[in-house]
Amino acid sequence: MARIITIANQKGGVGKTTTALNLAASLGEAKQKVLLLDFDPQGNAGSGLGVRDAEKSIYEVLSGVLKIEDILQTEIVENVDFLPGNRNLAAMDAELANEENKNYFLKDVLDKIEKDYDYIFIDCPPSLGTLTINALTASHSVLIPIQCEYYALEGLSQMLETIQTVREALNEALSIEGILFTMYDGRNLLSQDVVRAVKEHFTVTIFNTIIPRNVRLAEAPSHGLPINLYDGGSTGADAYRKLAGEILEKEV
């Protein structure tokens with residue numbers, strides 16, 4: 001059975017999508033069977049894998065119009081299958097508002113396929129709306145990327161409160177996979193201060209791996225490739241391989 005991990009933070013621009021697609025690709029490279037779900041209306045995970053402007057998405061599955069096999073894209077990269085999202089997902093908040101089980105729609109879908117994978121990653125939008133709550137309800141754990149900047153601390157507190165609320169009301173087994181520092185610049189004192197502050201003030205798991213600012217990592221999505229295929233020798237690729245190693249060690 002798959003370990004289902006949501007990658008979430010209500011702040012935008014913290015590296016959620018970068019982490020989702022590159023961690024998935026790195027685990028695929030390590031011979032794990034992985035499913036990546038783009039649950040963001042912007043569809044950036046898809047474009048980062050060379051899948052742009054998907055006409056059919058997880059929205060149609062949640063709406064009951066299509067089956068999951070109708071949209072599943074297999075072996076987008078080695079050992080990685082993909083479920084696209086698109087702008088139609090933006091309507092889910094309104095459409096599910098009066099549904100009795102509105103927070104369990106995604107869980108019902110993933111329950112049917114989790115046996116086929118080692119890992120399922122859900123790339124969430126930068127909000128704490130219905131989509132993110134559905135993802136948290138369907139998941140075993142949450143990976144929280146935070147950018148090494150001052151406002152990250154405020155956003156982290158809010159994210160942890162949301163996770164606790166979901167744990168109490170919807171998914172008591174939900175755990176925190178870990179906090180991941182992204183866009184780290186060791187020459188910048190602020191980056192160092194943010195890492196230090198999080199370690200001092202939050203008693204949650206923090207990954208040893210820190211994702212650096214890296215030009216090749218920033219370039220890769222425009223070529224529709226994860227970093228391990230775009231520039232496998234870059235510091236960005238090395239960082240995501242190390243993160244994949246940490247994830248695998250937790251399962252031993």
| query | So Ile176 and Leu160, side-chain contact (heavy atoms from CB on, under 4.5 Å) or not? Walk me through it. | reply | CA-CA 9 Å; Ile176 296 174; Leu160 293 175; 3.5 Å; yes
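- For the residue pair Gln10 and Ser127, no side-chain donor N or O sits within less than 3.5 Å of a side-chain acceptor on the partner.
- Under a 4.0 Å N-O distance rule, the pair Lys33/Glu75 qualifies as a salt bridge.
- By the 4.5 Å heavy-atom criterion applied to side chains, Ile227 and Ser234 are counted as neighbours.
- Taking 4.0 Å as the cut-off between side-chain N and carboxylate O, Arg3 and Glu177 count as a salt-bridged pair.
- A donor-acceptor contact shorter than 3.5 Å links the side chain of Asp70 to the backbone of Lys67.
- Between Gln73 atom CD and Asp81 atom CG the span is 9.5 Å, to the nearest 0.5 Å.
- In this structure, the separation between CD1 on Ile68 and NZ on Lys112 is 8.5 Å, given to the nearest 0.5 Å.
- Here the side chains of Ile5 and Ile122 are not in contact, with every heavy-atom distance at 4.5 Å or above.
- Within a 6.0 Å sphere centred on CD of Glu55, other residues, nucleotides and ligands contribute 12 heavy atoms or fewer.
- Grouping the Ile, Leu, Val, Met, Phe, Trp and Tyr side chains by contacts below 4.5 angstrom, directly or via other members, places Ile76 with Leu23.
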| Should Ser222 and Glu219 be marked as a side chain to side chain donor-acceptor pair (under 3.5 Å) after you check the CA-CA gap, both sets of side-chain angles, and the distance that decides it? | CA-CA 6 Å; Ser222 65; Glu219 291 174 347; over 6 Å; no
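- Using a 4.5 Å cut-off on side-chain heavy atoms (C-beta onward), Thr162 and Ile133 make contact.
- Taking each heavy atom of Val195 and Tyr184 in turn, the nearest pair found is CG2-CE1, 3.9 Å.
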| Worked check of side-chain contact (heavy atoms from CB on, under 4.5 Å) between Leu96 and Thr130 | CA-CA 8 Å; Leu96 294 180; Thr130 299; 3.7 Å; yes
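- Residues Asp38 and Ala45 approach most closely at OD2-N, 3.3 Å, considering heavy atoms.
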| said: Please evaluate residues Phe39 and Leu106 with respect to the criterion side-chain contact (heavy atoms from CB on, under 4.5 Å), reporting the C-alpha separation (whole Å), side-chain torsions for both, the decisive distance (0.1 Å), and the verdict. | reply: CA-CA 10 Å; Phe39 213 38; Leu106 183 61; 3.8 Å; yes
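- The same ILVMFWY cluster, assembled from side-chain heavy atoms under 4.5 Å apart, contains both Val166 and Ile179.
- What you find for Gly178 and Lys250 is that their closest heavy atoms are N-NZ, 4.4 Å.
- Judged by distance alone, with hydrogens and angles left aside, the side-chain atoms of Thr209 form no donor-acceptor pair with the main-chain N or O of Leu180 at under 3.5 Å.
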| task | Carefully, step by step, assess Ile146 and Thr182 under the rule side-chain contact (heavy atoms from CB on, under 4.5 Å). | result | CA-CA 6 Å; Ile146 63 170; Thr182 63; 5.9 Å; no
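- Closest approach of Lys16 to Cys124, counting heavy atoms only: CE-O, 3.3 Å.
- Residue Leu156 holds its CG atom at 7.5 Å from CG of Asn9, rounded to the nearest 0.5 Å.
- Between Lys31 and Glu78 there is a salt bridge, since at least one side-chain N of the basic residue sits less than 4.0 Å from a carboxylate O of the acidic one.
- Of all heavy-atom pairs between Leu110 and Ala138, the closest is CD1-CB, 4.2 Å.
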| query | Tyr240 and Glu29: side chain to side chain donor-acceptor pair (under 3.5 Å), yes or no, with the steps? | reply | CA-CA 11 Å; Tyr240 277 108; Glu29 186 179 66; over 6 Å; no
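- More than 12 heavy-atom neighbours from other residues, nucleotides or ligands sit within 6.0 angstrom of CD on Glu200.
- If you take CG on Leu136 and NE2 on His140, they are separated by 13.0 Å, rounding to the nearest 0.5 Å.
- For the pair Ile210 and Ala239, the tightest heavy-atom approach, listed with the atom from each and the gap, is O-CB, 4.1 Å.
- Side-chain contact between Thr19 and Leu143 is present, with heavy atoms from C-beta onward closer than 4.5 Å.
- Under a 3.5 Å cut-off, the side chain of Asn22 and the backbone N or O of Thr18 do form a donor-acceptor pair.
- No side-chain N or O of Asn228 forms a donor-acceptor pair with one of Ser26 less than 3.5 Å apart.
- For the residue pair Thr137/Asn171, the side-chain donor-acceptor check at 3.5 Å is not satisfied.
- No side-chain donor from either of Glu99 and Tyr104 sits under 3.5 Å from a side-chain acceptor of the other.
- Distance alone, capped at 3.5 Å, places no donor-acceptor pair between the Thr132 side chain and the Gly129 backbone.
- One finds the CD1 atom of Ile211 at 13.0 Å from the CD atom of Gln147 (value rounded to the nearest 0.5 Å).
- Ser139 has its side chain out of reach of Ile120: every pair of non-hydrogen atoms, C-beta onward, lies at least 4.5 Å apart.
- Using a 4.5 Å cut-off on side-chain heavy atoms (C-beta onward), Thr6 and Leu174 make no contact.
- For the residue pair Glu60/Asn88, the side-chain donor-acceptor check at 3.5 Å is satisfied.
- Listed for the Ser63 side chain is no donor-acceptor partner under 3.5 Å among the backbone atoms of Val65.
- Taking the side chain as every heavy atom from C-beta outward, Asp123 and Leu21 never approach each other to under 4.5 Å.
- Within the 4.5 Å cutoff, the side chain of Leu35 has no heavy atoms near those of the Phe121 side chain.
- A single hydrophobic cluster is seen to contain both Tyr230 and Leu217, as judged by linkage of ILVMFWY side chains at heavy-atom distances under 4.5 Å, directly or through other members.
- Taking CG of Leu49 as the reference point, atom CG of Leu36 lies at 6.0 Å (rounded to 0.5 Å).
- A salt bridge between Arg196 and Asp193 is present, with a side-chain N of the basic residue lying under 4.0 Å from a carboxylate O of the acidic one.
- Two different hydrophobic clusters hold Phe82 and Tyr117 under the rule that ILVMFWY side chains link at heavy-atom gaps under 4.5 Å.
- Val142 and Ile4 end up in different hydrophobic clusters when Ile, Leu, Val, Met, Phe, Trp and Tyr side chains are linked at under 4.5 Å.
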